[in-house]
Amino acid sequence: MKLIFDVPGRAQGDPFIFEDNGKYYLYATGTNGVDGYSANDPFGTWHYEGIVCSKEGGKHYWAPSVIKLEDTYYMYLSFTEGEDFEFMHVATAKHPLGPFTVEKRLYDRFSIDSHMIKTEAGLFLWYAEDNLEGERIGTRVFVDRFLDPFTPEHDPKEVIIPTFDEEKFTPKCINPPYWHTIEGPFWFQKDGWQYVMYSGGCYEDDTYHIGYAAAHTTEPDQKKIDYQKHTLDGAFDPVLIKNHYEEGTGHHSLLFLGDEIYAIYHGRDYAPKDPNATGYVECRTGRVCRLHVKEGIITAERYEDKL
């Protein structure tokens, strides 16, 4: 189901939902800065609040996430600045709509798709970066401990790697070695299980999908956990992928309402291709579907299931 926005025609790539004091906020990828939205009801109308984070000289702000620690809101985001292509930064604000001030660059390399979490063992950043080793080279999911909100330990653990042809980043796969992409991690725990959901394939086409890895443990130190990537007896088995009415489904966050869990993700409507268009045309919009989570298994309840 599509989310409802009061400004039509805007894209909401990589949507991250955040609840604070009974109000909901949504942050999305943007060219000139992070786009912010607010709503009193996540299934009602979302109001566009404008750009909530940018930095002079920066462009292409990717996949923001927000966490509140004490009285400060921390946004983790990536953007391009000069020759630095999509390096991870941290920004702070005193209100969920900012304006967020970029405080520090966290990594000196391509690093995207943050999800900062806090457990009993401290702060951990889930994110994605490249690895050129192994049979399937490409972007993979890592976790790094943080000493404080501004300081990574700089000893990341690789957690989820590509294992399927369906995870190829197709535009880069004309000639071998073929590039693969596992990105967009989102962590949560439920009933003695911990889960790391992710997106795989290429966000530019209909290969994009959502998968997950799980671990049956309450261990709070994320670097001590061995997550097992979900398959169907060894076969590719995504939670969400193209269906009858949308494609390019992926890069999500989660909304928890009581016992119910919803994925807030982006997708594209099927539409005739513009013969005059060159390259990727941005038309991702925010969407929602309910998830069922039980004993290490995640399934999606899509709108088409109710037709």
Chemist: Enter the distance from S199:OG to I210:CD1 here, rounded to the nearest 0.5 Å.
Modeler: 5.0 Å
Chemist: Calculate, to the nearest 0.5 Å, the distance between atoms CZ and OG1 belonging to R136 and T181 respectively.
Modeler: 12.5 Å
Chemist: Does the distance from a Lys or Arg side-chain N to an Asp or Glu carboxylate O, for K229 and E167, drop under 4.0 Å?
Modeler: yes
Chemist: Evaluate the side chain to side chain contact (heavy atoms under 4.5 Å, CB included) criterion for residues M88 and S114: first the C-alpha distance (whole Å), next the side-chain angles of each, then the deciding distance (0.1 Å), finally the verdict.
Modeler: CA-CA 8 Å; M88 186 79 69; S114 64; 3.8 Å; yes
Chemist: Under 3.5 Å, which donor-acceptor pairs link side chains of residues 25-34 to any protein atom two or more places apart or in another chain?
Modeler:
from, atom 1, to, atom 2, distance (Å)
Y27, OH, P96, O, 2.6
T29, OG1, D14, OD2, 2.5
T29, OG1, A63, N, 2.8

Chemist: Please walk me through it: do T231 and D237 pass side chain to side chain contact (heavy atoms under 4.5 Å, CB included)?
Modeler: CA-CA 5 Å; T231 69; D237 187 37; 5.6 Å; no
Chemist: Enter the distance from T299:OG1 to L291:CG here, rounded to the nearest 0.5 Å.
Modeler: 7.5 Å
Chemist: Working to the nearest 0.5 angstrom, can you tell me the gap between C53 SG and L97 CG?
Modeler: 12.5 Å
Chemist: Drop me the distance from I261's CD1 to K190's NZ, to the nearest 0.5 angstrom.
Modeler: 5.0 Å
Chemist: Not counting sequence neighbours, which residues clear salt bridge (Lys or Arg N to Asp or Glu O under 4.0 Å) with K94? List them please.
Modeler: D71
Chemist: Over 60° means perpendicular and under 30° means parallel, so classify the ring planes of H251 and H266, tilted if in between.
Modeler: parallel
Chemist: Using the ring pair (Phe, Tyr, Trp, His ring centres under 6.0 Å) definition, which of the options Y127, F87, F142 pairs with Y107?
Modeler: Y127
Chemist: Specify whether F79 and H89 have parallel, tilted or perpendicular ring planes, treating 30° as the upper limit for parallel and 60° as the lower limit for perpendicular.
Modeler: parallel
